[in-house]
Amino acid sequence: MDAPTSATFDEMLAPDGSVREAYRQYHEWLSQQDSAGMRRKNFEAESFFRRTGITFNVYGEDDAEERLIPFDMVPRIITAAEWRKLSRGIEQRVKALNAFMHDLYHRQDIIRSGRLPERLFRNNAAWLPQMVGLRPPGGIYTHITGIDLVRTGPDEFLVLEDNARTPSGVSYMLENRETMMAMFPELFTRVKVQPVSNYPRRLAKSLSACAPDCAAANPTVAVLTPGIYNSAYFEHAFLADQMGAELVEGTDLRVIGGRVQMRTTQGYKPIDVLYRRVDDEFLDPLTFNPDSVLGVPGIMDVYRAGRITIANAPGTGVADDKAIYSFMPDIVEFYTGEKPLLNNVQTWRCADPDSLAYVLDNLAELVVKEVHGSGGYGMLIGPTASRKDIATFRAKLEANPENYIAQPTLALSTCPIFTRNGLAPRHVDLRPFVLLSPEGVEITPGGLTRVALKKGSLVVNSSQGGGTKDSWVLDE
Amino acid sequence: MLGRVANGMFWMYRYLERAENTARLLAAGHRMAITRGEDVASEEWRSVLTTLGQLTAYRAQYDDFTGSHVCDFVLRAKNNPQSVLSMFERARTNARTCRSAITAEVWEAVNEGWMSLRDLLARPVRETSLNMALAAIRRESTLARGATHGSMMRNEVYSFVRAGTFVERADNTARILDVKYYLLLPSLSYVGTPLDTGQWDNVLRSLSGERAYRWLNAGRMEARSIAELLILDGRFPRSLTFCYAALRENLDALARLHGREGPAQQLMNEAEERLAGRTVEAIFDQGLHQFLVEFIGRNQAVANAISDQYRFNE
């Protein structure tokens, strides 16, 4: 394979060509495989995904309505010790995020203390005044969080982004593992990998633990989807199926007698916990967007009365904002009283004039992102951008600096992928999934590894042509 | 279970059943057309469209009734919502919408079936490969049904699945019978002629009943015994009596599960009464066409009652 360049950390091989500890057993196995057989496996994987319908939808492309996310067969491997360390940092961060949400919608101590400027959430489109003073059941806001991590060195894991709104991708984490186990059963007998398959059970348990007081001993959980045209519909159906919960659409639901109820063949039946995969603004046409037919008229009244749990709580999208992100180290310290165990990527807030000046002077070296952008849209990657792109972005930045942050172009770690010409290193990130309930924090070992399939590219988003890999956390 | 999902299941299996029966009917039409000379052939193709209820839609697009145009329209025309491909696609969409109601095996059968028919029907089907294509359609539908039998719990979902299958199948059998009687013969003086018996033979074939019929009536071919098989013989899986026994079984299961009967069961009882104890003589005395029209109407009423009673829609 191409040797990794010394500037980037490669997950499998050290610059001298030796195999890193995490990959020792895997590499041993791999070196015994013949390349024709591996190519065949690659083909098998694709037809497996196509047949089982593991697809995502791409908006605005009629004939390519359903697409496969490319899957790569080489796993991304993390040692037990690395994972223990990461987990502690993730747990700390998620607890802080939840406390932060509670504070923002109640006393706002963090603003009074001067640690966070008020304008940050006043200008934040995800901020919901309707949530002020509302206490969600169990005090939980961020039931499910996805923390995007990147690695830049042996001990350098950095948080790139927090996803507290509706993090997606967990179905790929699970299906990638199923696929790997189906294709390489003998590999799993040689290498002990921590299982991920109990995620849906844990999710159901964690959500049930957040049920409102009016719920029965065995709470009714349902997954709310916008429907089959949503890009993550496969995941919604998959999770409902795996949890044994109903997959509902807005038209199935109605507020009757102060409860949110679903239309069954035997009449209406109350729902206790709604894992919604519909955005805030579409959740309740009576409270938010009046034109929306995706949500449930009156659900916010029921929520206010404490008679349904909505996961994640409306308004948690505030935390996904990249300007808030830049304050996360302060936020973690403020609510936990501890130093953050996981660092942020260095971030310049363009709202600040000195930072703006620096960013404008160094556009060609920086990554500039929209504060509310997601999915790799609306960003500038300085080192690979054309002069024209940079000029266009400069104008946007100058017109509305508050809308942007900038970060150095990171040397994201690489992990080998399987290509027609053998293995080749490509940049990866990692999205672990975290569950929070009054009973505690649960982190599934591993997460979703996304990989940029284009040589040298740093963009791993599936909407931008990225792929995924199985992510292994080794057993002790 | 959700009313929307019950609706999706009911219709998913109606579409699969209708796609399969459409292929059967085309096979019979094709056989008639190639055995009877060009001038009559167009009449046979036309009767296929009439049975399917697609004559008006077809005429809006074509002036003639050639085999290639009819097959193209019925099998794959994008602007024909009743084409086999459109129906398979809707069955698959329903399967996607109700993914958590069906097993992975059923989903894979429908998804793979749709993918393979989409490829098969990507271009017009040549006459030389028509039989193969029609067999492939029947096979995909059979696979989905087999996966359903072999992997799904016998619960509420299954009852809606089966109810949809048999409401549709009963409707299709009645229509196929009706079109023979009412439309095909130029005049009553042809009754009993080779033309007449040939057409009955094809009615049997389009319902895969030729073997059952031969077994029951070696050497004979006449309207009454064919009608008897297709309407009254409870052993033949496409007869009206068989379909209604199966429909009853599933509506009974729903009533037990829900602890009550409703208008659907009531209408079902009435429809079944009209069938039970009938002789084929009585049916012919009433007039086969009148009998079938009444049956189709009652069948539709049962379907509507199921939809209302089980809250398919709001």
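Note on naming: letters A, B, ... go to the chains in the order of the sequence lines (proteins, then strands), and numbering restarts at 1 for each one. Predicted model only: the values in this text are computed from it and were never measured.
Going from atom CZ of B:R92 over to atom CD1 of A:I228 covers 8.5 Å, rounded to the nearest 0.5 Å. A distance of 9.0 Å separates CZ of B:R4 from CD of A:E246, quoted to the nearest 0.5 Å. In this structure, CG in B:L257 is found 6.0 Å from CD in A:Q266, a value given to the nearest 0.5 Å. Interatomic distance, B:E156 CD to A:T264 OG1, rounded to the nearest 0.5 Å: 7.5 Å. Distance check: A:D241 CG to B:T103 OG1 gives 9.5 Å after rounding to the nearest 0.5 Å.
For the pair A:F234 and B:R99, the minimum side-chain heavy-atom distance is below 4.5 Å.
Within a 6.0 Å radius of NZ in A:K269, other residues, nucleotides and ligands contribute 12 heavy atoms or fewer. Counting heavy-atom neighbours within 6.0 Å of B:R118 CZ, excluding the residue itself, gives a total above 12. Atom CG of B:D119 sits in a crowded spot, with more than 12 heavy atoms from other residues, nucleotides or ligands closer than 6.0 Å. Annotation: B:R154, atom CZ; neighbour count of heavy atoms from other residues, nucleotides and ligands within 6.0 Å is above 12.
Using a 4.5 Å cut-off between heavy atoms, A:E249 contacts chain B through both its backbone and its side chain. Of the two parts of B:E314, the backbone and the side chain both hold a non-hydrogen atom closer than 4.5 Å to a non-hydrogen atom of chain A. Using a 4.5 Å cut-off between heavy atoms, B:M115 contacts chain A through its side chain alone, with no backbone atom that close.
Below 4.5 Å, heavy atoms of chain A meet heavy atoms from B:Q309, B:Y310, B:R311, B:F312, B:N313, all part of residues 304-313 of chain B.
Highest contact tally toward chain B, considering only A:D252, A:T251, A:V248, is held by A:D252 [criterion: heavy-atom pairs under 4.5 Å].
Closest non-hydrogen pair, A:A237 versus B:S100, comes out as O-CB, 4.4 Å.
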